[in-house]
2 protein chains.
Amino acid sequence: MSSPRRITLKELAAQLGVSTASVSNAFNRPDQLSPALRERVLKEARRLGYRGPDAKARSLRTGRSRIIAVVLAETLTYSLKDAVASELLSGIAEVLDAHGHTLLLLSGRQNASQAPGSSSIADGFIVYGLMASMALVDELQSAGHKPIVAVDFDLGDHPAIHVDDEPACYAIAQHALQTPASRIGIVNLRLTDTPCNGPITDAHALLPTGQTITRSRLAGFHRALTEREVALEDVAMWNIEENTYEVCAPVLAEILDLPASKRPDLLLCMSDRIALTAVTLAEQRGIRIPEDLRITGFDGIEEGQYRSPRLTTVQQDSTEKGRLAARMILGLEPASPRLLTTRLIQGETCP
Amino acid sequence: MSSPRRITLKELAAQLGVSTASVSNAFNRPDQLSPALRERVLKEARRLGYRGPDAKARSLRTGRSRIIAVVLAETLTYSLKDAVASELLSGIAEVLDAHGHTLLLLSGRQNASQAPGSSSIADGFIVYGLMASMALVDELQSAGHKPIVAVDFDLGDHPAIHVDDEPACYAIAQHALQTPASRIGIVNLRLTDTPCNGPITDAHALLPTGQTITRSRLAGFHRALTEREVALEDVAMWNIEENTYEVCAPVLAEILDLPASKRPDLLLCMSDRIALTAVTLAEQRGIRIPEDLRITGFDGIEEGQYRSPRLTTVQQDSTEKGRLAARMILGLEPASPRLLTTRLIQGETCP
DNA sequence: CTGTTAGCGCGTTCAG
DNA sequence: CTGAACGCGCTAACAG
């Protein structure tokens with residue numbers, strides 16, 4: 001069998017009869033030694049199975065690891081299944097890859113067993129979404145001068161990347177209200193102070209304005225409704241805690257199973273997942289879209305467009321959001337707050 | 001402003017007038033020092049903003065990082081958008097999280113600029129899918145004695161996790177063939193030796209048997225067809241290189257735009273993504289499912305089930321596959337080859 | 001229970 | 001262009 005242990009730079013230098021510095025330079029600074037020696041070093045390295053400087057030692061020495069961590073507000077298990085988060089990660093990965101960095105995934109909801117400080121290995125942090133617990137993020141902030149970029153929420157005075165949630169929702173609601181609706185419903189996402197999957201009543205407190213993007217989305221809806229002189233108290237409100245079919249389905253079933261005279265004929269949904277669940281459940285019940293029920297979404301995920309009926313929604317470019325965050329964290333882009341625009345997609349669920 | 005640099009264990013020890021070992025033990029081995037001293041250390045640490053041992057130095061010293069890397073055959077950008085890969089990652093993340101480990105994402109197709117050896121930071125590797133280039137994987141294999149688990153392909157004599165592709169495809173084809181079909185088509189995924197998006201002709205060489213799971217899937221189809229005495233040369237074959245709507249759509253459009261007399265009335269697809277694209281394009285063309293065209297998929301992704309018509313497909317539990325791989329890499333499960341079973345889902349696209 | 005010591009593997013001086 | 005020396009921050013082993 002081959003040697004059980006990886007050969008070390010020092011050993012390679014000894015083998016070659018040169019100094020460790022030369023071996024190091026052969027890998028890191030070609031201009032610091034003669035091409036001939038460099039070639040000899042690299043050749044001998046290949047021969048002995050030396051794969052270049054050890055990442056752990058190197059990062060201890062240089063202070064950098066070429067690892068960027070993404071801290072997700074939700075669990076990794078959830079985030080990886082969520083189309084919007086996946087697209088964001090996809091955009092991040094694209095840029096990191098192109099610049100020789102790798103991607104470490106962390107969750108703000110990590111199991112308590114997590115070793116604290118384990119995150120200190122990363123060179124920078126992209127923090128996505130409002131954390132239930134700020135413990136990890138607080139740690140990052142006070143842990144030194146590593147760059148931090150926030151996405152979809154504000155974090156101290158770190159640069160934040162936002163989407164124009166309020167105008168986007170104003171625009172889509174305005175579009176929807178061009179056709180008169182008798183009963184309007186809004187299906188919110190994580191809007192209440194305490195967990196709630198079902199109707200929002202007066203008893204519920206909402207999360208504070210400015211804290212969460214869904215509050216901005218609601219503001220956009222409200223502005224359009226008010227402009228059309230729809231009384232907000234006539235608009236039924238529901239809340240959903242998690243953007244998955246399993247969690248959405250019971251709430252939407254409850255809505256769609258209302259007697260036809262009380263069932264909304266326009267549903268403004270805060271995510272495409274919610275809207276798509278509504279479409280599926282409506283189809284199962286023989287409720288016609290858009291004749292009996294018009295539905296709008298938010299996000300513009302592929303699943304909503306590559307189907308029939310296509311979802312009427314607002315498209316945010318999550319991939320580009322990710323690319324931008326990655327470029328910022330790598331210093332390829334000025335670290336200043338950014339607001340991305342969205343695009344109204346007029347599909348068939350709300351013509 | 002606060003101190004620009006993180007305080008160090010040694011400095012904290014000096015400040016307290018105790019040895020560095022005691023400080024280290026206060027964080028890592030509570031049983032190795034008196035509760036009183038431990039409390040004093042932790043308190044002073046908090047006061048000075050010391051967040052615990054530095055991950056980089058710690059991992060150099062201990063040789064472990066609590067980081068597990070997943071090496072993906074495709075680009076990260078693609079994999080993160082793919083439902084099957086995302087589910088796998090989701091399962092992996094679930095187990096790693098629960099055991100205080102974190103997840104590093106690498107791609108076998110990484111940009112060339114990637115620092116070699118950067119992967120040596122991880123404690124173990126889950127390698128997913130047949131790599132176009134084995135460069136990275138070769139590096140891992142020779143780089144020491146880190147555990148490696150392969151998923152959906154075989155890698156040296158490392159333990160591999162497989163799904164029963166052949167029997168699964170046999171079962172679904174058998175099911176489909178219970179209803180007579182006039183013209184059968186198979187839409188393959190990454191099956192040809194050289195890239196091809198379109199019909200597979202005699203000029204194409206297929207990837208070698210045993211190398212790729214899609215070859216096993218084809219074998220399952222063939223077994224069922226032969227059993228039903230369908231001549232394989234009467235079965236039209238197409239190939240698709242990437243499991244995305246954008247790549248699938250042109251190929252399927254070509255198929256569905258054939259004159260009705262030549263268009264298949266049964267499409268056996270090697271992935272749900274392919275099948276769903278077929279459904280969408282068929283709907284756009286007014287081709288009735290399943291009356292004019294029956295379609296089967298493979299994977300059992302949620303998108304195929306939470307819609308109408310529901311996809312007839314084979315469900316593999318990618319999440320469980322991920323959990324298993326993670327448990328193996330953490331040594332919570334014997335490191336031996338495993339074969340996971342699948343389940344036939346009879347949806348409406350091929351009753 | 002506490003302190004001392006010796007590296008983990010490497011990158012970077014600085015003098016030659 | 002090269003070689004020697006130092007230390008990045010920490011932990012394991014041992015000595016007291």
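Note that this is a predicted model, so its numbers are computed, not measured. Lettering follows sequence order; numbering is per chain, from 1.
- Each of B:A21 and B:A57 was matched to the nucleotide of DNA chain D holding its nearest heavy atom; the match closer to the 5' end belongs to B:A57.
- Taking 4.0 angstrom as the limit, A:R58 places none of its side-chain polar atoms (N or O) nearer than this to OP1 or OP2 of C:dG9.
- In summary, B:K81 and A:E87 do not engage in a salt bridge, as defined by a charged side-chain N under 4.0 Å from a carboxylate O.
- Separating the NZ atom in B:K56 from the OG1 atom in A:T62 is a distance of 7.5 Å, to the nearest 0.5 Å.
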Determine whether B:N25 and B:R38 satisfy the following criterion, side-chain hydrogen bond (donor to acceptor under 3.5 Å, both in side chains), listing intermediate values before the conclusion. CA-CA 8 Å; B:N25 286 332; B:R38 176 170 144 87; over 6 Å; no
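- With rounding to whole Å, A:L33 atom CG is found 15 Å from C:dT12 atom C1'.
- Of the side-chain N and O atoms in B:Y50, none sit less than 4.0 angstrom from OP1 or OP2 of D:dG9.
- Atom-to-atom, CZ of B:R38 to P of C:dT2 comes out at 13 Å; the value is rounded to the nearest Å.
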Residues A:D154, A:H162; criterion side-chain hydrogen bond (donor to acceptor under 3.5 Å, both in side chains); working and verdict: CA-CA 9 Å; A:D154 292 305; A:H162 276 281; 3.2 Å; yes
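- Nucleotide D:dC8 holds its P atom 14 Å from the CD1 atom of B:I7, rounded to whole Å.
- For B:R327 and B:E94, the salt-bridge test fails: no basic side-chain N is under 4.0 Å from an acidic carboxylate O.
- Computed from coordinates, the B:N28 CG to C:dT2 P distance equals 16 Å when rounded to whole Å.
- Counting only heavy atoms from C-beta on, A:S19 has its side chain closest to D:dT2 among D:dA5, C:dT5, D:dT2.
- Within 4.0 Å of B:F27, counting heavy atoms only, lies no atom of the nucleic acid at all.
- Taking only side-chain nitrogens and oxygens, A:S24 comes nearer than 4.0 Å to OP1 or OP2 of C:dG11.
- Within the nucleic acid shown, B:L60 comes within 4.0 Å of at least one base atom, counting heavy atoms only.
- Side-chain N/O atoms of A:N25 include none lying less than 4.0 angstrom from OP1 or OP2 on D:dT2.
- When distances run from any side-chain atom of B:S34 to the nucleotides C:dC1, D:dC10, D:dT2, the shortest one goes to C:dC1.
- Position along DNA chain D of the nearest nucleotide to A:V18 versus B:R64 favours A:V18 as the more 5'-ward residue.
- Rounded to whole Å, atom C1' of C:dT4 lies 13 Å from atom NZ of B:K10.
- The distance from atom CG of A:L60 to atom OG of B:S59, rounded to the nearest 0.5 Å, is 8.0 Å.
- When the P atom of C:dG7 is taken as reference, atom CZ of B:R61 falls 10 Å away, rounded to whole Å.
- In this structure, B:S22 reaches the C:dG3 phosphate: one of its side-chain N or O atoms is under 4.0 Å from OP1 or OP2.
- When each of B:Q32 and B:T62 is assigned the nucleotide of DNA chain C bearing its nearest heavy atom, the one mapping closer to the 5' terminus is B:Q32.
- The interatomic distance linking A:L16 (CG) with D:dG3 (P) rounds to 10 Å, in whole Å.
- At C:dC10, one or more side-chain N or O atoms of A:T8 fall inside 4.0 Å of OP1 or OP2 (strictly under the cut-off).
- Put simply, CG on B:L9 is 5 Å from P on D:dC10, counting in whole angstrom units.
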